[in-house]
Amino acid sequence: MDGPKIFKNREALDPSFIPDELPHRDAEIEQIAGLTACALKGDVPPNFLCYGMTGTGKTATIRYVSQKLAQYCDSNPPWWIYINCNVVSTPYRVLAHIYNTISGKEKIPPTGLPKDIIFKKLLGLLDLYIKTNVCFLVLDEIDILIEKKGGNEILYDLTRLNENLDVCRANVIGISNKLKFKEFLDPRVKSSLGQEELVFHPYNANELSDILEKRAKVAFQEGVINEGVIKLCAGLAAKEHGDSRKALQLLRKAGEHSERNQRAFISESDVNKAQQDIEKDHVVEYILGMPLQSQLTLTAIYLMRKFSKENIITSGDIYEIHLELANKLTNTKLLTKRRISDYINELALAGIITANTRSLGHYGRTKIITLDIDISLIEKVLSQVKHISMADLLNYKPLLLQTDKVKIKNNVFKKLL
DNA sequence: TATCCACAGGAAATCAGGGTGT
DNA sequence: ACACCCTGATTTCCTGTGGATA
């Protein structure tokens, strides 16, 4: 409270913040405007797709264009409905979300109704509310929707909305950060959704600097930040596929760090500290957010490392230890090998462990697991897990490790590897 | 060279928990 | 009360497989 004031407007560093101008996205803005502006004349714009890695400004650009478009028409601006498929993650909920957004009330319950009923209701609503106008449905992270069952169907339905509408025109815009997601698209959807495509290229370090500079002016007090700090943030983020979100996050964290230390300006060491923090925060948050069973899987790996530093960890071992741990807890189901296998994959995907499938000849095929994160951090995080018995588990030596069964196996494996 | 281990991982089925309208 | 809906987590069933060993 007493320290010097660093931030002027912290929100400007938020990923959802839409600045007054978007540097280095002129071409994209023009393209999107070109595709959508005909809505103002009452024409039907084409559906289209936007590709690009995280933090390349896809969502921001579309939001930006939608704002500008609204400025250019005095009556009946087009509707823009944003749907983040990561949050609104099932076909049912997509429909419900669209309906509820338009009606402005929670008319559709979160579950219970058949999909086709909602679809019919939605058609009626669109014609009723959005008279002689266009409704843009922006599906962010559309790839997540596709991977689920029924994802293709719902997209098909959405792209066909117009055939069932009398007055209103609906239009689908898909945003994806996976370039290859089109492979999973149903051919019928592909042809109607992929009428136009635009690719957002990653920002380079200089472009990121420009972006940060503009935002920093809004976000920080005078004299808090210098060019070196911005360059450093931009450089670090440029290494990570030019992710502007990462760059902004770095800047914000660095600001918070210097604020905590009651300094009136941000130094480059604040940025470096921020870089470390971000990685750590990510892991901590992820682990604490996992379901208990997944946490148990991680605990199993942790214990294996803790009590036998030398041993090679295989998926079979983890399964057995997981079983043991789950048995010690009440109200915990015993899972199958199949499920544990998936949990291990998820941990690997999150970058917490590495799991390489190896064949050990007569000793079968298995995953060789290594911990990618400092074991002390794992211990610290797991001890924060809100479960009465978790603390006990962290000091429990699994039966499996009390025999020399593992040791014998381990010796054989070591020779093979 | 055939065998066979100990799983990997896809697909479909099942279950439980949260709902609906009639 | 009843028939039926949607979802997410998990199980069941299954086929596939790299390479040391007999």
Side-chain angles (χ1 to χ4, degrees), chain A residues 83-100 103 105-122 124-125 141 144-155 157-158 183-184 186 286 289-298 300-301 304 311-323 325-327 329 331-350 353-370 387 400 405-406 408-417:
Chain A
I83 302 153
N84 186 334
C85 301
N86 202 8
V87 183
V88 185
S89 56
T90 69
Y92 179 96
R93 294 213 267 259
V94 168
L95 287 175
H97 181 88
I98 296 171
Y99 189 100
N100 289 335
S103 72
K105 295 170 222 152
E106 293 285 315
K107 280 278 180 60
I108 303 284
T111 170
L113 300 177
K115 274 192 286 268
D116 48 332
I117 301 284
I118 300 188
F119 195 73
K120 288 203 185 91
K121 280 188 159 200
L122 182 61
L125 188 73
E141 309 201 47
I144 293 175
L145 190 62
I146 297 293
E147 279 168 21
K148 308 218 166 175
K149 65 172 177 185
N152 263 310
E153 280 72 19
I154 188 69
L155 278 186
D157 289 343
L158 287 179
E183 293 167 23
F184 305 102
D186 183 298
Y286 183 85
M290 295 192 304
L292 180 64
Q293 291 284 13
S294 189
Q295 289 167 341
L296 285 184
T297 307
L298 182 59
I301 298 169
M304 191 88 186
N311 276 333
I312 290 158
I313 306 176
T314 67
S315 45
D317 299 336
I318 297 307
Y319 169 66
E320 283 189 33
I321 298 179
H322 184 282
L323 217 58
L325 296 180
N327 250 326
L329 302 183
N331 297 327
T332 314
K333 268 211 251 170
L334 300 178
L335 300 181
T336 39
K337 236 179 215 154
R338 182 70 187 79
R339 189 68 186 112
I340 301 296
S341 172
D342 279 345
Y343 275 137
I344 291 173
N345 285 341
E346 280 170 32
L347 288 172
L349 212 60
I353 61 172
T354 302
N356 290 320
T357 43
R358 281 280 318 251
S359 186
L360 295 157
H362 238 147
Y363 304 94
R365 227 163 113 80
T366 185
K367 283 198 186 93
I368 307 285
I369 297 166
T370 47
H387 191 286
L400 183 72
K405 197 173 129 196
V406 178
I408 295 165
K409 196 179 79 177
N410 193 49
N411 286 333
V412 182
F413 280 14
K414 270 197 176 160
K415 275 178 209 154
L416 291 176
L417 293 169

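Note on naming: letters A, B, ... go to the chains in the order of the sequence lines (proteins, then strands), and numbering restarts at 1 for each one.
Nucleic acid contact for A:Ser89: sugar-phosphate only, since backbone atoms but no base atoms lie under 4.0 Å from a heavy atom of the residue.
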>> Treating primed atoms plus P, OP1 and OP2 as sugar-phosphate and everything else as base, which nucleotides of nucleotides 10-22 of chain C get B, S or - for protein heavy atoms under 4.0 Å?
In response: SSB----BBBBB-

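In this structure, the CG atom of A:Leu292 is 14 Å from the P atom of C:dA9, given to the nearest Å. Per the geometry, CG belonging to A:Asn356 stands 20 Å off P belonging to B:dA6, to the nearest Å. At whole-Å resolution of the value, NZ in A:Lys120 and P in B:dG21 are 15 Å apart. Rounded to an integer number of Å, the gap from CD1 of A:Ile340 to P of B:dA8 is 11 Å. To the nearest angstrom, P of B:dA6 lies 10 Å from NZ of A:Lys405.
The salt bridge (Lys or Arg N to Asp or Glu O under 4.0 Å) check on A:Glu147 picks up A:Lys178, with sequence neighbours excluded. Every residue meeting the side chain to side chain contact (heavy atoms under 4.5 Å, CB included) condition with A:Pro109, not counting sequence neighbours, appears here in chain and number order: A:Tyr92, A:Leu113. Residues meeting the side chain to side chain contact (heavy atoms under 4.5 Å, CB included) test with A:His362, sequence neighbours left out: none. With sequence neighbours left out, the side chain to side chain contact (heavy atoms under 4.5 Å, CB included) criterion links A:Tyr286 to A:Met290, A:Glu346, A:Ala350, A:Ile352. With sequence neighbours excluded, no residue satisfies side chain to side chain contact (heavy atoms under 4.5 Å, CB included) with A:Asn411. For A:Asn410, the side chain to side chain donor-acceptor pair (under 3.5 Å) test picks out A:Asn311, with sequence neighbours left out.
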Polar atoms only, N or O, under 3.5 Å: list the protein pairs with nucleotides 2-6 of chain C and their distances.
residue : atom : partner  : partner atom : Å
C:dC6   : OP1  : A:Lys115 : N            : 3.0

Just list the side-chain donor-acceptor pairs under 3.5 Å for residues 333-342 of chain A, sequence neighbours left out, or say none.
residue  : atom : partner  : partner atom : Å
A:Arg338 : NH1  : A:Asp342 : OD1          : 3.0
A:Arg338 : NH1  : A:Asp342 : OD2          : 3.3
A:Ser341 : OG   : A:Lys367 : NZ           : 3.4

